[in-house]
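Quantities reported herein were computed from a predicted structural model and do not represent experimental measurements. As a basis for the values below, the full set of heavy atoms in this structure was taken, side chains included, without hydrogen atoms, waters or symmetry mates.
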Amino acid sequence: MTEASEKLLRFRKPIIGIVAALVIYALLGFVAAPWLIKKSAVDYVRDSLGASLEIEKVSVNPFVLSLGIDGTALDTPEGDPFVRLDRYFVNFQTSSLFRWAWTFKEHHIEGLEVFVSRDGDGQFNVDFLAQGNDAADEPAPDPESGPARLLIHDFAIRNTAIHWNDEVPPEPVNTEIGPINIAIADLNTLPERPGSQDVVITTESQGTLSWNGSLQFNPLHSEGRASVRGSHFPLTSAYLKHDVGFDVVDGIADVSLDYRMSTSDDGSLAFEVSNFNLAFSDVLVNTFNQAVGRPGEDREVLRLGRIGLAGGEFHWPDRTVSADLLSVDGADVHLYRDAQGSLNILPPSDGNTEQAPPAVAASEPGETWQLALEQFNINGLTLGMIDDSVTPSADIGWQSLDVGVRDISNMPGAEFPTNLMLTARDGGTISADGTLTVLPDPVVEFNVTIEALVLAAGHPYIKSLADVNLDSGALNVAATFQSSPDDPMKLAGDVEVTDFLITESDEGSR
């Protein structure tokens with residue numbers, strides 16, 4: 001017998017034992033574990049939640065410590081779809097023993113669909129999940145222990161969708177949020193170890209919400225960039241229109257910002273936003289009369305080319321908010337006043353003209369916010385109103401309104417240089433140039449110029465007072481307008497009316 005044969009015979013039992021152990025381990029991992037996981041999950045959902053769970057396939061690789069679950073379907077106790085999941089995959093790493101942290105190479109969720117609903121009584125279909133979580137039997141967490149140590153090298157959620165059905169609003173809301181794609185590298189709760197995330201969420205109307213940057217939980221620190229783009233107004237309006245009385249039919253949002261968030265040793269939060277840029281374009285707003293009891297049919301009330309905010313910043317706990325520019329461009333406003341005198345943008349009057357002013361909470365010392373806006377512009381706003389409360393019906397409006405205000409702030413005594421130009425649809429202009437002070441008391445000082453403002457547009461209002469026709473007339477004004485707490489209204493200057501003609505309605509005499 002050779003020396004090698006003797007060594008083999010000597011270690012035959014240990015080798016057989018190792019092989020047998022590996023075979024048993026493999027059988028337990030590849031065969032027994034999937035069956036046990038599937039059965040335990042199905043039994044738990046049935047017995048504890050009263051719901052139904054189906055799993056197409058469970059696969060376990062005991063040698064690389066991975067778990068895969070394919071074809072998961074969870075239904076509510078009523079038998080309605082709640083969760084559909086194509087694949088769940090997690091890969092545990094033995095390096096957890098050296099890091100003293102739960103460590104995973106991969107944690108992937110693919111093809112997840114969640115069906116969330118709320119019935120007319122406000123009951124959510126997810127409430128059944130609370131039946132299997134008895135918080136009273138769980139020990140309270142120790143606040144000094146900190147979060148569990150966790151490290152996931154590759155965390156991903158792909159092609160996820162949330163189906164939302166809400167029966168609470170007067171008009172039920174049905175929408176889909178998705179696909180949702182989230183990718184986080186090195187998601188962890190380890191001290192001073194940041195990860196990086198990339199999140200993209202798409203709505204049913206093809207709007208997108210995205211977020212990317214760094215993320216650290218211990219201590220909390222995150223910085224990056226977030227953006228919202230596309231059409232989000234119809235879903236928002238579905239909830240708000242019944243309360244505010246306006247329906248935002250269309251519009252495109254484009255919002256982006258950089259942010260930085262962190263906590264200090266004492267637990268206080270610091271948060272700042274920079275490069276905040278916002279634009280809402282092609283916005284269409286209609287009245288929604290049934291919500292507030294306004295009479296008449298719904299009408300278009302606003303068509304907005306663009307409203308934009310540029311260079312915004314926010315700093316906490318410094319309590320400062322600032323922006324470079326806020327502009328409203330190409331707005332077209334349509335108003336309607338019915339025969340009873342009700343304006344289509346206001347709720348009907350209940351006859352009670354005495355209303356208590358809204359309560360304003362007093363600012364505590366140290367709670368003052370500093371607000372600043374370098375420039376505010378309104379460019380090319382048109383305003384028209386059809387007024388059926390007079391006979392004949394009046395159709396009046398302004399062809400263009402342009403406003404510019406600079407150096408706006410909430411500092412006491414701050415003066416805002418202001419200029420305004422109005423062009424009437426029927427002819428004539430009104431311009432004003434001066435300063436405006438808001439705090440501590442309103443103070444206004446403007447040079448006002450009115451040139452060739454056509455007066456005949458006011459004929460329907462004269463007609464209701466006297467049976468005459470206002471055929472022509474033009475108003476010219478060059479004056480200074482001042483207003484202050486000591487002198488609420490002071491107008492000094494020249495006023496001129498030219499080519500003024502009133503005739504009698506029946507005979508046409510001058």
_Test log, rule side-chain contact (heavy atoms from CB on, under 4.5 Å), inputs I162 and I180_ = CA-CA 9 Å; I162 299 175; I180 300 172; 4.0 Å; yes
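- Here the side chain of S222 pairs a donor or acceptor atom with the backbone of S214 at under 3.5 angstrom.
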*Begin with the C-alpha distance, continue with both residues' side-chain angles, and end with the deciding distance and a verdict on ring-ring contact (aromatic ring centres under 6.0 Å, His included) for F82 and F128.*
CA-CA 11 Å; F82 179 58; F128 75 96; 5.3 Å; yes
*Please step through side-chain contact (heavy atoms from CB on, under 4.5 Å) for the pair I69 and K38, ending with a clear verdict.*
CA-CA 9 Å; I69 302 177; K38 181 177 179 179; over 6 Å; no
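- In this structure, S409 OG and L373 CG are separated by 10.0 Å, a value rounded to the nearest 0.5 Å.
- The backbone N or O of G311 sits less than 3.5 Å from a side-chain atom of N277, completing a donor-acceptor pair.
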_I'd like to know whether V248 forms a side-chain contact (heavy atoms from CB on, under 4.5 Å) with F280, so could you lay out the CA-CA distance, the side-chain angles of the two residues, the decisive distance to 0.1 Å, and finally the verdict._
CA-CA 12 Å; V248 185; F280 296 150; over 6 Å; no
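- A pairwise comparison of heavy atoms in P485 and D441 identifies CG-CB, 3.4 Å as the closest pair.
- Applying the side chain to side chain contact (heavy atoms under 4.5 Å, CB included) criterion to V228, with sequence neighbours excluded, gives L209, H232, V255.
- Annotation: side chain of P417 is in contact with side chain of D407 (closest heavy-atom distance under 4.5 Å).
- Applying the salt bridge (charged side-chain N to carboxylate O under 4.0 Å, His left out) criterion to K57, with sequence neighbours excluded, gives no partner residue.
- N275 meets the side-chain hydrogen bond (donor to acceptor under 3.5 Å, both in side chains) test with D258; sequence neighbours excluded.
- In plain terms, the two heavy atoms of A457 and D426 that are nearest each other are CB-OD2, 3.2 Å.
- Checking L112, I182, I177 one by one against T160, the side-chain contact (heavy atoms from CB on, under 4.5 Å) holds for a single residue, L112.
- One finds the CG atom of L302 at 9.5 Å from the CZ atom of F246 (value rounded to the nearest 0.5 Å).
- Residues L67 and I37 are in side-chain contact: their nearest non-hydrogen atoms beyond the backbone lie under 4.5 Å apart.
- Formation of a donor-acceptor pair under 3.5 Å by the N181 side chain with backbone atoms of N159 is found in this model.
- Distance check: I109 CD1 to T72 OG1 gives 10.5 Å after rounding to the nearest 0.5 Å.
- Within the 4.5 Å cutoff, the side chain of L383 has no heavy atoms near those of the L401 side chain.
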*Residue pair I307, V283: steps toward the side-chain contact (heavy atoms from CB on, under 4.5 Å) verdict*: CA-CA 9 Å; I307 179 171; V283 178; 5.7 Å; no
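- Applying the salt bridge (charged side-chain N to carboxylate O under 4.0 Å, His left out) rule to D70 yields the partners R87; only residues at least two apart in sequence or on another chain are considered.
- For T76 (side chain) and D80 (main-chain N/O), a donor-acceptor pair under 3.5 Å exists by modelled atom type.
- Every residue two or more places apart in sequence or in another chain that forms a salt bridge (charged side-chain N to carboxylate O under 4.0 Å, His left out) with E110 is listed here: R158.
- To the nearest 0.5 Å, atom CZ of residue F115 and atom CG of residue N125 are 10.5 Å apart.
- Put simply, the side chain of I386 reaches to within 4.5 Å of the side chain of S393, judged on heavy atoms.
- Here the two rings, on H107 and Y88, have centers that are under 6.0 Å apart.
- Listed here is the closest heavy atom pair of L269 and M261: CD1-CG, 3.5 Å.
- Between the side chains of D154 and H108, at least one donor-acceptor pair of N or O atoms lies under 3.5 Å.
- Ring-plane geometry between F104 and F92 is classed as perpendicular, the angle between the planes exceeding 60 degrees on a 0 to 90 degree scale with a lower cut at 30.
- Between the CD1 atom in I252 and the CG atom in D282 there is a gap of 5.0 Å [rounded to 0.5 Å].
- Taking CZ of R319 as the start and CG of L371 as the end, the distance is 12.0 Å to the nearest 0.5 Å.
- For S52, the side chain to side chain contact (heavy atoms under 4.5 Å, CB included) test picks out D75, with sequence neighbours left out.
- Between I55 and A41, the closest heavy-atom pair is CD1-CB, 4.2 Å.
- Legend: salt bridge (charged side-chain N to carboxylate O under 4.0 Å, His left out) pairs involving residues 392-404, not counting sequence neighbours, sorted by first then second residue: D395-R425.
- Between the side chain of S342 and the main chain of Q340, no donor-acceptor pair closer than 3.5 Å is present.
- Scanning for side chain to side chain contact (heavy atoms under 4.5 Å, CB included) contacts around S264 gives D266, S268, with sequence neighbours left out.
- Looking at heavy atoms from C-beta onward, D298 lies out of side-chain contact with D247 at the 4.5 angstrom threshold.
- Partners of E272 under the salt bridge (charged side-chain N to carboxylate O under 4.0 Å, His left out) rule, at least two apart in sequence or in another chain, do not exist in this structure.
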Cut-off 3.5 Å, no hydrogens considered: what does the side-chain donor-acceptor table look like for residues 324-337, sequence neighbours left out?
residue : atom : partner : partner atom : Å
S327    : OG   : D329    : OD2          : 3.4
D329    : OD1  : N379    : ND2          : 2.6
D332    : OD1  : T382    : OG1          : 2.5
D332    : OD2  : H334    : NE2          : 3.3
Y336    : OH   : D388    : OD2          : 2.7
R337    : NE   : G341    : O            : 3.4
R337    : NH1  : D387    : OD2          : 3.3

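- Among residues two or more places apart in sequence or in another chain, the side-chain hydrogen bond (donor to acceptor under 3.5 Å, both in side chains) test is passed with D166 by R118, Y239.
- The residue from T287, N286, V285 that alone fulfils the side-chain contact (heavy atoms from CB on, under 4.5 Å) condition with E300 is N286.
- One side chain, S256 or R225, offers a donor N or O that lies under 3.5 Å from an acceptor on the other.
- Applying the side chain to side chain contact (heavy atoms under 4.5 Å, CB included) test to A339 and every residue at least two apart in sequence or in another chain returns nothing.
- Contact annotation: the side chain of F314 never approaches that of L257 to less than 4.5 Å [non-hydrogen atoms, C-beta and beyond].
- Nearest heavy atom pair, residue F288 against residue E171, reads CZ-OE2, 3.4 Å.
- Closest of all the heavy-atom pairs between S274 and E313 is CA-CG, 4.2 Å.
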